[in-house]
Number of protein chains: 2
Amino acid sequence: MGQSKPSSRVGRAGSCEPKYSETAIRILDAAEGLFAELGMEATSLRLITQQAGVNLAAVNYHFRSKDALFEAVFLRRFGPWATECIGELDALEKRVAGGKEPLAVEAVVMSYVRPALALSKDPACGGAMFVRLFSRVLVENHRQLRETLSRQYGELVTRYTQALGRALPGLSEEEVEWRMHLGFSVMFHAFAGNDILKVFGPSLVSARHPDLIVKHIVPFMVAGLTSPPGGTGGCARAGPQARAGGAHRG
Amino acid sequence: MGQSKPSSRVGRAGSCEPKYSETAIRILDAAEGLFAELGMEATSLRLITQQAGVNLAAVNYHFRSKDALFEAVFLRRFGPWATECIGELDALEKRVAGGKEPLAVEAVVMSYVRPALALSKDPACGGAMFVRLFSRVLVENHRQLRETLSRQYGELVTRYTQALGRALPGLSEEEVEWRMHLGFSVMFHAFAGNDILKVFGPSLVSARHPDLIVKHIVPFMVAGLTSPPGGTGGCARAGPQARAGGAHRG
DNA sequence: GTACGTTTCAAACGGATGTTTTAGCAATGG
DNA sequence: CCATTGCTAAAACATCCGTTTGAAACGTAC
C-alpha cells in the first residue's frame with residue numbers, strides 16, 4: 001500500500017535465501033494458509049491470488065509454476081526450522097561432556113519438540129499452519145519436494161538418528177529408526193491437530209494451546225522411546241487378558 | 001455410567017449394506033487404490049474409469065457424484081472394520097469379569113491394533129490401501145464424510161474411550177482422550193507408512209510386513225499410554241540435561 | 001526526454017475436470 | 001408382440017484449471 005519499499009529482504013535467519021518482493025510475500029502468505037487448509041490440489045491459483053489481492057499472473061511471474069510456489073511456501077518455513085533443529089542438537093551435544101556418555105531421552109525429545117513448538121506459537125511465522133502443511137507433505141506424495149528435501153536436508157535425519165542412538169544405547173540402528181519414525185509421527189500430527197477423535201465428533205483434545213500439546217506429548221514420547229527393547233523379547237507376549245479363544249466371527 | 005448397549009448403532013457386517021453390481025465394484029476397487037495413492041482431488045474420474053475398464057458415465061450412474069463415490073469407497077471398508085472393533089471390545093470386556101476391575105492396557109491396545117492389522121494383511125479387503133486412505137481422511141477435510149462418520153460411528157470413539165479409561169484408572173477423562181488421540185495417531189500413520197524419515201531419503205523402516213509394524217508399535221503405544229500422569233506434575237520440568245542458558249541465537 | 005529493465009494487469013489459450021444428455025443394447029414380464 | 005427396466009456407450013456440456021501473452025505502468029539511469 002502506502003509504504004513504497006519497506007524491506008526488500010524478508011528472511012532474517014538466512015542471508016543466502018532468495019529475497020521476495022512484497023507481492024511475492026503476499027502470495028506466499030495466502031498460499032500457505034490455503035495449502036495447509038485445503039491441500040495443494042484443491043487450492044487454485046485464482047483463489048490464492050484473490051485472497052492475496054494480487055493479479056493472477058503474478059504467481060507465474062514471481063514463481064515459475066504452481067509446483068514451484070508450493071515448494072517455495074514449504075521451504076520458506078522449513079529452512080529456518082531446520083537451522084533451529086541443528087542448533088538445538090549442537091547445543092545439546094556440546095552440553096554433554098565429551099560426546100561419549102549417553103544423552104537423556106527427554107533432552108533429545110525436547111530438541112525435536114522445541115523448534116516445532118516455537119514455530120507453532122509464532123504467528124509471524126505462520127503459526128501452526130506450517131506444521132499442518134508439513135503433516136500433509138508426510139501423507140501426500142510431492143515428488144519434486146521430496147527430492148529437494150532429501151538432497152538438501154538429509155543431514156537432519158542423520159543427526160537426529162545419531163542423537164537418539166546415543167540416548168538409547170543398546171538398541172539396534174533399525175530399532176532406533178523405528179522409534180524415531182513413531183515419535184516424529186505422533187509429534188507432527190499432534191501439532192497439526194490431526195485427530196482421529198475429531199473425525200467422529202467434537203473432541204476435548206483439539207484446538208488447544210501449543211504448550212498444552214507439549215505437556216501431553218512429551219511424556220508420551222519419552223515413555224514410548226524408552227520402552228524396553230521389544231525386538232524379539234518380552235513385551236508383545238500374551239498378557240493376563242490376552243485374547244482367549246479364536247476370532248469372534250469368521 | 002451405563003455401558004448399556006454393547007453394539008447398537010454400528011452397522012452389522014454383511015446383510016443390509018448396499019449390494020454393488022459388478023461394474024460398481026470395479027469402480028470401487030480402482031478408486032480405492034487411486035484415492036489412497038494420489039488423494040481425492042488429484043484423482044480424476046477418467047483415470048478411475050479407465051483403470052476399472054468401464055465407461056466414464058458409469059460413476060455418476062452407480063454413485064451420484066465423485067464425492068459420493070469417495071464416501072462409498074471409504075465406508076465399504078470402514079463398516080466391517082468398525083464391526084470388528086466393536087467385537088474386539090465386547091470380547092475383551094466380557095473376558096474381564098464383572099466389568100469392574102481395570103483392563104490391561106496392552107489388551108486395549110490390541111483391540112485397536114488387531115483389526116487394523118487384519119485389514120492391512122487381507123489383500124481381498126484392499127490390504128493396506130484402506131489404512132492409507134484413512135490416514136488421508138485424518139489429515140484432509142472431507143466435510144461430508146465427517147458428518148456421516150460422526151452420525152453413524154460416533155459410538156466407536158465412546159467405546160474406546162471407556163475401555164481405555166477402565167485400563168487407566170486415575171486419569172482424567174481429558175487425559176484419557178489425549179492419550180487415545182496420540183495412540184491412534186501413531187498407529188494409523190504407522191500402518192499407512194507415513195514416515196518422516198522416508199521424506200528425507202530411503203529408510204530402513206518403511207515397506208515392512210504388517211507384523212513387523214505391530215511388533216514395534218505395540219510396546220511404543222503401551223509405554224506411552226501408561227506413562228505417569230503428567231497433567232501438572234513432574235515430567236516437563238528441567239531434567240539432568242535440560243537446556244542450559246538462553247537460546248543459541250536470537 | 002528517452003530508453004530500459006521490472007512489475008502489473010486484463011484477457012485469452014489449450015486442456016482437463018465433473019456432470020449431463022441422448023441413444024442404444026439386453027433382458028424381463030405381460 | 002410391445003413395453004418396461006437396468007445398464008452401457010459416446011458425445012457434448014459448462015466450468016474451472018495452470019499457464020501464456022502483449023500491452024500498459026512503474027521507477028531509474030543516462
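So you know, we letter chains A, B, ... as the sequences are listed, proteins then strands, and number each from 1. Just so it is clear, the model here is predicted, and its values are computed rather than measured.
- Nearest-nucleotide assignment on DNA chain C puts the 5′-proximal partner with A:A58, out of A:R46 and A:A58.
- Side-chain atoms of A:S44 lie closest to D:dG18 of the nucleotides C:dT19, D:dG18, D:dT8.
- Put simply, CD1 on B:I27 is 10 Å from P on D:dA9, counting in whole angstrom units.
- Out of C:dT6, D:dT8, D:dT19, the shortest distance to the side chain of A:L56 is found at D:dT19.
- Going from atom CH2 of A:W178 over to atom CD1 of B:I217 covers 7.5 Å, rounded to the nearest 0.5 Å.
- For B:S21, no side-chain nitrogen or oxygen approaches OP1 or OP2 of D:dG6 to under 4.0 Å.
- Listed nucleotides C:dT21, D:dT19, C:dC9 differ in distance to A:A57; the shortest reach to its side chain belongs to C:dC9.
- When the C1' atom of C:dT8 is taken as reference, atom CD of A:E22 falls 13 Å away, rounded to whole Å.
- Under 4.0 Å is where a charged nitrogen must lie from a carboxylate oxygen, and between A:R26 and A:E22 at least one such pair does.
- Between B:H62 and D:dG6 there is no side-chain N or O to OP1 or OP2 distance below 4.0 Å.
- Between A:F134 and A:F74, the angle of the ring planes goes over 60°, which puts this pair in the perpendicular group of the 30/60° scheme.
- Rounded to whole angstrom, the span from the CG atom of B:D67 across to the C1' atom of C:dT17 amounts to 13 Å.
- Atom CE of B:M40 is separated from atom C1' of C:dT17 by 12 Å (rounded to the nearest Å).
- If you take OH of B:Y20 and P of D:dC7, they are 14 Å apart, rounded to a whole angstrom.
- In this structure, A:T43 reaches the sugar-phosphate backbone alone: every heavy-atom distance under 4.0 Å involves primed, P, OP1 or OP2 atoms, never a base.
- Rounded to whole Å, the distance from CG on A:N60 to C1' on D:dT19 is 5 Å.
- At whole-Å resolution of the value, CG in B:L45 and P in D:dA12 are 20 Å apart.
- In this structure, OH of A:Y61 is placed 17 Å from P of D:dT19, rounded to the nearest angstrom.
- Toward the 5' end of DNA chain C, the nearer of the two residues A:N55 and B:E41, judged by each one's closest nucleotide, is A:N55.
- Side-chain contact annotation: A:E71 with A:T148, donor-acceptor N/O pair under 3.5 Å present.
- With respect to A:R114 and A:E84, no salt bridge is recorded, no charged nitrogen being found less than 4.0 Å from a carboxylate O.
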